[in-house]
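The sequence lines fix the lettering, A, B, ..., with proteins before strands; numbering per chain opens at 1. Every heavy atom of this structure was used, including side-chain atoms; hydrogens, water molecules and symmetry mates were not. Keep in mind that what you see is a predicted model, and the values were worked out from it rather than measured.
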Amino acid sequence: MSEPLFLFDLLLALAVVAIAAAALLVRDAFAMIVLFVVFGLLSALAWVRLAAPDVALAEAAIGTGLTGALLLKTLHHLRARGMAGWEPGAAAPRPVPRAVASLNAGLTLAVVAGLGVAILGSPLRVTGLEIAVAEAMPLSGVDNPVTAVLLNFRAYDTLMEVVVLLAAIIVVWQVERGADAAPAPSLGPIWQGFARLTLPAAAIVGVYLLWAGAEAPGGAFQGGAMLAAIGLMLLLTGLYRPHPDHRATARLLFVLGTVAFAAVALLVAGAGRASFEYPQGHAKTLILLIEGLVTISIAVTLTALFHGREPAALKGELRHDP
Amino acid sequence: MNTYLGLVALVLLASLLAGLVRVIRGPAPEARLMAGQLLGTTAVAILLVLWGLTGQSAFLDVAMVFAILAAVALIAFVALSNQGAGR
Amino acid sequence: MTPDLIYGAAGLAVFGIGLWGAIALQDRMRRLLGLKLCSVGAGFVLIVGAWREPPAAPDPVPHALVITGIVVMLSATAAALALIRRLHDLEAADDRA
Amino acid sequence: MTGPDWLTLSIMLPLFGAVAAFILPRAAAGLGLATVAATTLCVLMMADRVAAFGAVTVPLGGWGAPLGIELRADGLSVAMLALTGMVGLLVSVSAIDAFAGDRTARQRHYFWPLWLLLLSGLNGVYLGTDLFNLYVMIEIIALAAVGLTVLGGTREALRAGLDYVYASILGALLFLLGVGLIYLQLGRLDFAGVIAAPPSAAMTAALAVMFVGLALKTALFPLHVWLPAAHANAAAPASALLSGLVVKGALYIVLRLAGYMPALTEDILTLIGLMGAGAVIWGGIQALRADRLKLLVAWSTVAQIGLIFVALARAGERGLSDSWKAAALLILAHGIAKAAMFLAAGRIKDEVGHDRIRDLDRSPIRPTLAQVTFALAAINLIGLPPSLGFIGKWQLMEGAMMAGYWHWVAITMIGTLFSVAYFSRVLAGFLRFDRVRGGPLAEHHGWSGADAAPLILAGAAVLLGLAAGPIIAFIDLGAGGAMP
């Protein structure tokens, strides 16, 4: 490859490492979050360079975008709670002794250095599973190898990943039961208008990513994340306000993906087929069905994770158990 | 051609990193936020250049998602840092 | 020097920085951020393992694994942040009392 | 594969149960109990097949490893599944009582979905043969377990829960890094591929990282700091699940990988053994110093886990086969007995009104059945005959003596002495009546249906020692390499 690209890689790698350290060390919490988002963007960029556009999409949308929004929301919440001067460090009453700090740093350095030496000292770059994947692709029902791995070869993993998301929303609702609402986010009229302009664009991109996932980078998770971005904007602009009556629907939407996926996995079994083994010729239909329903669940769950608290009913029900 | 585009990508990356100074030093949240937005735009530009280099249309998808996320992030930052009220 | 070596080293370094942050820092959100850095570092390692010298196509399996890892990490982050918010509420109520 | 696929079902049933309990919170308890019972039935059917065929493998999606993921049940998996089913069923029964009433309605609504997700994750770990899949499963377990830890919503529980989240995620991420490094080396992640791998520095490094991650998750000394507070501050049924079952998930992975690793050197084993010995001693000291009953029980978990690692470590050049069995027996014994003990401790706390060990003998209220349960569980954990714990310790010491590892014998003895000492503190409180002030001792609040489940568990742990021979033979089924 040409020399500038080599320099580009080098600079990008150095920047990723430096920003990672800076995000942990910067004093201001808001700057920490902005740096974290920049770190995520640059990591996604690096992954594009490593020919992993699917992962870059997922990292940008979920790992960076939504995680950043969650961090920001939490910071907003903490600052709104009577601790106007809340800064990281204020919550840490006892400073770490210098000896302990350097011990920690030394230990970490030793671990990483040991790993690096061990890896460099061994033969690298064996063949992975790409040949097996390429051979099985015609049977998989889709044309994008990553989607084939996610929804066919390793569909069991993906089902469990959707379950992790379900577990997360159950835990979040459980933890924040009875918590008072944080002050609602406020947006002036101009920003409201801007948000309204952005909504359809995000919707189109989200559906496009889901649809494109069968042959190009994208798929249920990336598409779901883009749709969740719409949910975030609806919440932030106040266009949608969660109501206690919506809880039952929300629960149904949370579990929709898990149930559909697991049911298909079990129902296709029999007649000599194992679970998750789609009947010949029906793989594409079933995968699209699963992806569609899983996307809905992902979008709703991610939005609910951002909202946090279960929309509570009466004031009396708000008090948590003793 | 490739060398030229590679140089462009390199310069864009360098300018992106230069913008980080504002993010770290602040001091106003607005300064950090605007710097972050500019970084996002530069990242989109880098992706477009990389697309020019490799011809893989997947880079365009990533660039599109970056662009949408930048808009959403802007709204989230504004709404959640109480900067947007009354503007 | 090929990209995989450069980014592999960077990934390990990011993992190390995150590890340090997760065990050495006190602030709750920062510790969580350290864990997130660890997960990105591990992602780098997997993606580097998938990379092949162009024009060969990369191995798709690690890509799928990393996507799964990203979603899992988001779930864990969301749960931890909910705990942080709730705990902060309770502690703030203590401070006022 | 003929007949129903009990392996997939035993993972999917709790999943559907969790969903149903989440959607219909009012019916959660009934749905939950039914699901756990049905899942346990699945495990029994699976046990029948394993007894007949040795090991059962299901290639999910029909692809087969290494492209796809395989589920595999052998003697050890089924033993762990049976432990989970048995403990889970009885804890479920007592949870219905513990969370009855309006004041705990919300705890009840969330207990069942979380516990069923946990069950799904645990069963998935015991049947999994793919390293990355194990990572996803331990994350499900971690999230559900955190939810159970903070069920009570108290400040202490939330603090402990947050520390638990950090430890748990970090452990999982270290495991993930190891998985990534292994893929870098081997290009595959199934157990069969890992066994066949030639030893190399990179493989050792990868396995070491994974081991540290798992040690963090099972709370092996000195990575145990998160455990006592988390287990001591949770609600009683949650504590029983956390201590009896959750730590066993990561422990099982260590056991599996240890059984598959021919490259474990003497130095590494000694290091693991030293960590275990540290846990035995430090856990023992802290249990002696604990002022609350549940805290004492939690610290004893740290010590017992240490002992299991000592069992793993003392294999030496004779290979891991019989120390592996001793460790498996100790895991089973600890799982059953510790769950019973936490349930009993919860009952004692409910009836007496506090769980300060120093004041237990002042209470005029003596929950007799819970106390008997506690004593039976203690017999198991101390390792008195004929309990399952005794057989495990005996296997461990016998092997160590035959191999001439007297230091490991000494550690086991020290651990036993410690456990006698700290459990005696509690048992003495149960038996002394001279410090009771006020009312007469007529009030026996102990005869409640809620005592039945823990008592059955504790009794089973003792009696299963009599069936140790068949259990060991069963654990051995399909073992000796992962090749199906």
In terms of heavy-atom proximity below 4.5 Å to chain A, should D/Leu60 be classed as side chain, backbone, both, or neither?
both
A/Ala248 versus chain D, the contacting section by heavy-atom distance below 4.5 Å
neither
Could you give the distance from CG (A/Leu115) to CG (D/Leu181), rounded to the nearest 0.5 Å?
6.0 Å
Is chain D contacted by the side chain of A/Phe254, its backbone, both, or neither, given a heavy-atom distance below 4.5 Å?
side chain
Is D/Ile11 in contact with chain A via its backbone, its side chain, both, or neither, using a 4.5 Å heavy-atom distance?
side chain
Residue pair D/Gly62 / A/Ala274: nearest heavy atoms and the distance that separates them
N-CB, 4.3 Å
Hey, what do you get for CD (D/Glu139) to CD (A/Glu161), rounding to the nearest 0.5 Å?
11.5 Å
Rounded to the nearest 0.5 Å, how far does OH of D/Tyr135 lie from CG of A/Asp157?
11.0 Å
D/Trp63 vs A/Leu139, side chain to side chain contact (heavy atoms under 4.5 Å, CB included): CA-CA, chis, key distance, verdict:
CA-CA 11 Å; D/Trp63 301 105; A/Leu139 298 173; 3.9 Å; yes
Choice from A/Ala132, A/Ala136, A/Ala269, A/Ala262 maximising heavy atom contacts with chain D below 4.5 Å
A/Ala262
Option that, when pairs with chain D are counted at under 4.5 Å, heavy atom only, ranks first among A/Thr258, A/Asn152, A/Leu252
A/Asn152
So, the part of D/Phe22 with a heavy atom under 4.5 Å from chain A: the answer is both
Using the side chain to side chain contact (heavy atoms under 4.5 Å, CB included) rule, pick out the option among D/Thr8, D/Leu7, D/Leu71 that qualifies with A/Ser275.
D/Thr8
Would you mind checking which part of A/Leu129 comes under 4.5 Å of any heavy atom in chain D, side chain (CB onward), backbone (N, CA, C, O), both or neither?
both
Counting only non-hydrogen atoms closer than 4.5 Å, does A/Arg273 touch chain D with its backbone (N, CA, C, O), its side chain (CB onward), both, or neither?
neither
Part of A/Ala167 lying under 4.5 Å from any heavy atom of chain D:
both
Please flag which part of D/Leu177 lies under 4.5 Å from any non-hydrogen atom of chain A: side chain, backbone, both or neither.
side chain
For a 4.5 angstrom cut-off between non-hydrogen side-chain atoms, does D/Leu67 reach A/Arg154?
no
Between CH2 on residue A/Trp173 and NE2 on residue D/His109, distance to nearest 0.5 Å:
13.5 Å
Structural part of D/Val212 lying under 4.5 Å from a heavy atom of chain A
neither
Given A/Val133, A/Leu266, A/Leu159, the one with more heavy-atom pairs under 4.5 angstrom with chain D than any other is A/Leu266
Side chains of A/Glu277 and D/Pro59: does their closest heavy-atom pair fall under 4.5 Å?
no
Would you compute the distance between atom OH of D/Tyr110 and atom CD of A/Glu310 and round it to the nearest 0.5 angstrom?
3.5 Å
Output the option from A/Val171, A/Val149, A/Val172 having the highest count of non-hydrogen pairs under 4.5 Å with chain D.
A/Val171
In Å and rounded to the nearest 0.5 Å, what is the CG to CE distance from D/Asn133 to A/Met160?
7.5 Å
Okay, A/Ala155 and chain D: the region with an atom under 4.5 Å from a heavy atom over there is neither
